[in-house]
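Bear in mind that the values here come from a model prediction, so they are computed numbers and not experimental data.
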Amino acid sequence: MSGPGRGGRSHRPTLLLAVPSQTSYLAMISELTRHMAALAGFDQAVAGRLALAVDEAATNPIKHAYAGGPDRLVQLRFDDRTDELRVEI
C-alpha cells in the first residue's frame with residue numbers, strides 16, 4: 001500500500017514478528033499494524049482499515065490452516081519502503 005507524502009524518506013528496516021497461532025494475539029497484531037502504518041505516513045482512518053485487513057488475513061491461518069493449534073506460529077513481515085508499506089503473513 002502506498003503512503004502519502006513519503007518522498008525522499010529512506011528505506012526503513014523490515015520488522016519480523018512470529019506469534020503462536022492463537023486468536024488472543026490478534027489484538028497485538030492489529031495494534032502493531034496501526035503503529036507501522038502511522039510511522040509510514042498513513043492517516044488514522046487508513047491505518048485502521050489496514051489493521052482490519054491484516055487482522056483478517058492473520059485469522060485465516062489460525063482458524064483454517066492450523067485449526068487453532070497453539071503449537072504453530074503465524075509469521076508477519078512489515079516492510080516499510082519509501083513508497084509503500086508491505087505486510088506479508
Side-chain angles (χ1 to χ4, degrees):
M1 186 171 241
S2 295
R6 299 179 50 152
R9 201 178 65 145
S10 63
H11 177 15
R12 293 186 177 197
T14 297
L15 176 64
L16 303 173
L17 175 68
V19 297
S21 60
Q22 299 172 9
T23 56
S24 60
Y25 288 92
L26 292 172
M28 181 185 68
I29 290 169
S30 292
E31 199 56 40
L32 177 60
T33 303
R34 276 188 199 87
H35 185 73
M36 292 297 292
L39 288 175
F42 292 98
D43 66 36
Q44 189 175 12
V46 173
R49 289 193 301 270
L50 182 57
L52 177 61
V54 171
D55 179 273
E56 291 177 358
T59 300
N60 286 334
I62 292 171
K63 289 192 172 181
H64 304 294
Y66 301 150
D71 60 328
R72 305 295 299 268
L73 292 177
V74 175
Q75 297 179 352
L76 295 96
R77 175 186 175 113
F78 295 85
D79 193 10
D80 183 1
R81 299 175 176 218
T82 56
D83 61 344
E84 64 187 6
L85 174 64
R86 287 188 184 187
V87 182
E88 297 176 20
I89 301 169

Rounded to the nearest 0.5 Å, how far does [atom2] of [Y] lie from [atom1] of [X]?
X: Gln75; Y: Glu88; atom1: CD; atom2: CD; answer: 11.0 Å
X: Glu56; Y: Leu26; atom1: CD; atom2: CG; answer: 10.5 Å
X: Gln22; Y: Tyr66; atom1: CD; atom2: OH; answer: 13.0 Å
X: Asp79; Y: Glu84; atom1: CG; atom2: CD; answer: 8.0 Å

Which atom names give the shortest non-hydrogen contact between [X] and [Y], and what distance separates them?
X: Pro61; Y: Ala58; result: CD-O, 3.2 Å
X: Leu85; Y: Ala40; result: CB-CB, 4.3 Å
X: Ala51; Y: Arg34; result: CB-CG, 3.7 Å

Identified side chain to side chain contact (heavy atoms under 4.5 Å, CB included) partner of Leu32 from the options Leu17, Val54, Val19: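 By the side chain to side chain contact (heavy atoms under 4.5 Å, CB included) criterion, Leu32 pairs with just one of Leu17, Val54, Val19: Leu17.
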
Matching residue for Ile29 among Ile89, Leu76, Val87, Thr59 - test: side chain to side chain contact (heavy atoms under 4.5 Å, CB included):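 It is Leu76; the other options fail the test.
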
Side chain to side chain, Met36 and Leu50, heavy atoms closer than 4.5 Å: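 Not touching, per the 4.5 Å side-chain cut-off.
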
Side chain proximity check, Ile62 to Tyr25, heavy atoms < 4.5 angstrom: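 No - every pair of side-chain heavy atoms lies 4.5 Å or more apart.
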
Expected output: side-chain Ser21 to main-chain Arg72 donor-acceptor under 3.5 Å: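 Such a contact is found between Ser21 side chain and Arg72 backbone.
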
Non-neighbouring partners of Asn60 that pass side chain to side chain donor-acceptor pair (under 3.5 Å), sequence neighbours left out: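 With sequence neighbours excluded, Asn60 shows a side chain to side chain donor-acceptor pair (under 3.5 Å) to no residue whatsoever.
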
